[in-house]
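Read through the structure below, which is laid out as structure tokens, and then see the notes.
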Amino acid sequence: MARIAFILLCHKDPDAIIKQAQSLTAVGDYMAIHFDARAKPDAYRKIRAALDGNPNVTFAKKRVKCGWGEWSLIRATLNAVQAAVDAFPRATHFYMLSGDCMAIKSAEYAHQFLDSRDVDYIESFDYFQSEWIKTGWKEERLIYRHWFNERTQKGRFYAMFAVQKHLGLTREIPQDIEVMIGSQWWCLRRRTVEMILEFTERRRDVMRFFSTTWIPDETFFQTVVRHLVPREEIDGRTLTFLMFTDYGMPVNFYNDHYDLLIRQDFLFARKISPEAKELKRRLGVLYASQGEHFEISNEGQSLFKFLTGRGRIGRRFAPRFWETEASFGRERELLIVVCKKWHVAKRLLERIRQTTNIPVIEYLFNEEGTWLPDLGNIQTSLSKRHRHRRSLMRMLFDYFETDRLIVCIDPSDLNLLEDFCRDRSVTRLLEIECQFSDDYLIGHASRVGLAGDRTPKDTLGALLPAIRLDIEHESDRIRDAGFANLGRMRESDPPEANARVLADFLSVSYDKAMEIIQADYLFAD
């Protein structure tokens with residue numbers, strides 16, 4: 001009978017990981033866990049304390065600092081796979097999971113399903129001929145070398161690409177390798193996994209090549225499996241049910257999706273919302289059940305396509321089933337920097353970006369040109385961002401795969417601040433009070449259209465007191481709103497006082513906060 005070793009890559013929510021491991025191993029299956037080395041040490045210690053006594057759970061011997069789109073994800077996966085192969089000689093299949101995945105069938109059904117066919121389940125489409133990549137880079141992922149993380153080191157990432165492109169520094173794909181692409185959620189047989197591990201030792205040239213490709217978790221295993229395994233022994237599908245919204249972001253499933261999920265022709269589903277406590281409970285009970293019969297209707301994808309199509313042509317009859325929750329998520333934390341001097345806030349965010357791993361976005365609701373990832377056109381204009389503000393924020397949390405995100409908002413946007421502070425997520429505000437010289441206010445008047453190059457000096461002189469009072473009024477409105485988590489840094493305060501406020505805002509140590517704000521140029525005009 002099939003015995004599954006689950007390969008779990010995770011970086012957050014230790015309580016959920018513990019429950020997931022206990023549920024999946026209670027029926028005799030196994031789990032190898034890689035917990036991101038960037039994550040909080042206390043979270044890892046909590047997982048180890050809870051699961052070290054479970055003989056069906058093992059941990060990757062070496063933890064890796066993982067980043068989206070990086071080779072580090074493959075290295076972490078290989079470390080966990082090696083740990084599983086060594087620890088669980090009776091495992092017949094190795095199934096890749098994330099912390100957002102849950103079984104949507106019973107273990108009994110999953111074992112019978114895997115026993116029924118002697119194949120590997122992995123999406124594996126021709127990289128260049130298929131349309132798996134619909135927009136953006138294609139061959140650029142492979143023929144150029146990518147050393148930096150596109151999300152956290154964007155400037156370096158694109159600078160290195162530009163240099164290589166300008167100098168024509170392309171490279172060849174290893175000659176005997178046909179690059180394939182597909183979902184990273186695979187299920188492979190033991191002999192396939194053992195061949196992959198042997199291949200990684202033997203073919204250092206292939207390892208070097210993929211280690212500097214972009215988003216190798218969509219190509220490495222997909223390519224190597226097709227290179228090692230006869231095509232007739234590969235079922236080119238994933239056994240994990242997942243869907244993407246109109247904007248290219250994963251659909252989240254909630255408590256009322258239980259019946260929909262168990263009818264799909266898949267063994268697992270992703271992403272289960274952290275707030276879907278009842279759904280998680282029911283699916284956990286389901287995995288341990290015996291004699292359960294499943295009616296497979298498999299309408300999820302077609303229903304999703306129908307509903308998205310109706311929305312595009314203006315015929316939207318009811319809320320779409322993947323939009324059940326409008327909240328960012330109870331487990332998430334939105335940090336908002338509020339500052340009238342945009343350059344001061346941007347400098348602070350750059351310092352935070354350099355010293356922490358918290359993703360930051362500048363004035364996304366105020367500046368059209370603010371960098372945002374491609375979220376399917378929702379990010380293309382200020383009007384769309386404001387109209388779909390909550391959807392946009394959820395997408396950014398999902399894009400960065402984080403529970404903490406920092407954004408900048410102008411203090412004039414009180415309605416936006418009030419809306420976000422009403423969310424069930426934790427929202428913290430940091431207002432930065434700056435001093436405003438006359439020269440700055442004149443420049444501000446020009447930027448907002450109150451003055452131009454030919455505005456007389458006496459007119460400007462009359463305007464400046466009104467502009468100053470308007471800025472002070474915006475700050476007063478924020479105070480009067482009574483926000484629960486509001487801290488205030490002042491340009492006039494000593495660094496020690498501002499560091500204490502920043503430490504509370506970021507939930508970091510006082511020393512770390514001092515490191516961030518000690519830049520001399522922070523408040524300079």
Side-chain angles (χ1 to χ4, degrees), residues 5-14 16-18 20-21 31-48 51 57-84 94-101 141 145-154 156-157 181-186 193 196-197 200 207-222 224 240 242 249-250 270-271 274 331-333 352-360 373 396-405:
F6 295 102
I7 309 300
L8 178 64
L9 264 57
C10 47
H11 64 280
K12 60 181 180 179
D13 202 350
I17 293 167
I18 292 166
Q20 187 180 30
M31 178 173 287
I33 298 174
H34 178 278
F35 194 70
D36 194 340
R38 294 184 191 275
K40 295 179 179 179
D42 288 348
Y44 183 61
R45 285 193 288 268
K46 184 175 185 178
I47 295 169
R48 292 298 301 254
L51 298 176
V57 175
T58 191
F59 292 84
K61 291 182 173 60
K62 184 176 181 180
R63 294 168 62 205
V64 177
K65 293 182 178 180
C66 296
W68 184 90
E70 290 183 3
W71 173 253
S72 54
L73 290 174
I74 301 299
R75 186 70 268 163
T77 304
L78 290 171
N79 290 352
V81 167
Q82 184 67 67
F94 295 75
Y95 196 121
M96 184 74 180
L97 286 180
S98 76
D100 298 319
C101 296
R141 293 192 188 187
R145 297 165 180 84
H146 304 281
W147 291 286
F148 300 104
N149 185 290
E150 191 267 344
R151 293 188 175 181
T152 60
Q153 299 173 291
K154 189 168 298 293
R156 293 177 178 178
F157 179 89
I181 191 168
S183 166
Q184 63 268 53
W185 312 114
W186 40 256
V193 164
I196 291 172
L197 293 175
T200 64
M207 298 293 282
R208 284 193 299 271
F209 172 77
F210 277 104
S211 69
T212 51
T213 59
W214 188 40
I215 321 182
D217 53 322
E218 294 179 350
T219 55
F220 177 75
F221 288 100
Q222 297 78 357
V224 174
T240 299
L242 69 163
M249 302 304 293
R270 183 179 187 271
K271 289 183 162 187
E331 309 297 326
R332 287 172 166 169
E333 188 173 9
I352 293 172
R353 181 189 286 116
Q354 293 169 356
T355 55
T356 75
N357 62 356
I358 309 173
V360 301
L396 289 172
F397 277 109
D398 291 340
Y399 176 84
F400 288 107
E401 297 184 338
T402 184
D403 287 332
R404 304 187 78 209
L405 180 67

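Side-chain atoms are counted along with the backbone in the values below, which use heavy atoms only and exclude waters and symmetry mates.
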Checking side chain to side chain contact (heavy atoms under 4.5 Å, CB included) for the pair L51/I33: CA distance, chi angles, key distance, verdict? CA-CA 10 Å; L51 298 176; I33 298 174; 3.8 Å; yes
Given side chain to side chain contact (heavy atoms under 4.5 Å, CB included), test M96 with F6 step by step and report yes or no. CA-CA 6 Å; M96 184 74 180; F6 295 102; over 6 Å; no
Could you give me the CA-CA distance, side-chain angles and deciding distance for F157 and H146, then say whether ring pair (Phe, Tyr, Trp, His ring centres under 6.0 Å) is met? CA-CA 7 Å; F157 179 89; H146 304 281; 5.3 Å; yes
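Listed by chain and number, the residues in a side-chain contact (heavy atoms from CB on, under 4.5 Å) with S183 are E123, W185, T238 (sequence neighbours excluded).
Taking 4.5 Å as the limit, every side-chain heavy atom of L405 sits out of range of all side-chain heavy atoms of E333. By the 4.5 Å heavy-atom criterion applied to side chains, S72 and N149 are not counted as neighbours. In this structure, the side chains of E70 and W214 stay at 4.5 Å or more apart for every pair of heavy atoms. In this structure the side chain of N357 never reaches within 4.5 angstrom of the side chain of T152, judged on heavy atoms. The side-chain heavy atoms of L73 and P216, taken from C-beta on, include no pair separated by under 4.5 Å. Side-chain contact check for T212 versus W147: some heavy-atom pair is nearer than 4.5 Å. A 4.5 Å side-chain heavy-atom check between D13 and D403 finds every atom pair outside the cut-off. The side-chain heavy atoms of I215 and E150, taken from C-beta on, include no pair separated by under 4.5 Å.
What you find for G99 and L8 is that their closest heavy atoms are N-CD1, 3.6 Å.
In this structure a side-chain-to-backbone donor-acceptor pair under 3.5 Å is missing from Q82 to T77. No side-chain donor-acceptor contact under 3.5 Å links T58 to the backbone of A84. Between the side chain of Q222 and the backbone N or O of T219 there is at least one donor-acceptor pair closer than 3.5 Å. Judged by distance alone, the side chain of N79 and the main-chain N or O of K61 form no donor-acceptor pair under 3.5 Å. Checking side-chain atoms of K46 against main-chain N and O of D42 turns up no donor-acceptor pair under 3.5 Å. Of the possible donor and acceptor atoms, one in the side chain of D36 sits under 3.5 Å from a partner among the backbone N and O of C66. Counting only distance, with no hydrogens or angles, the side chain of T200 and the backbone of L197 share a donor-acceptor pair below 3.5 Å. The closest donor-acceptor contact from the side chain of R156 to the backbone of F148 lies at 3.5 Å or more, if one exists at all.
Geometrically, R63 does not engage F35 in a cation-pi contact defined by less than 6.0 Å to the ring centre and at most 45° from the axis.
The aromatic rings of F59 and Y44 sit perpendicular, their planes meeting at an angle over 60°, well past the 30° parallel limit.
With respect to the salt-bridge test (charged N to carboxylate O, under 4.0 angstrom), the residues K12 and E401 do not qualify.
In summary, the aromatic rings of W71 and F210 are positioned with their centroids too far apart to meet the 6.0 Å limit.
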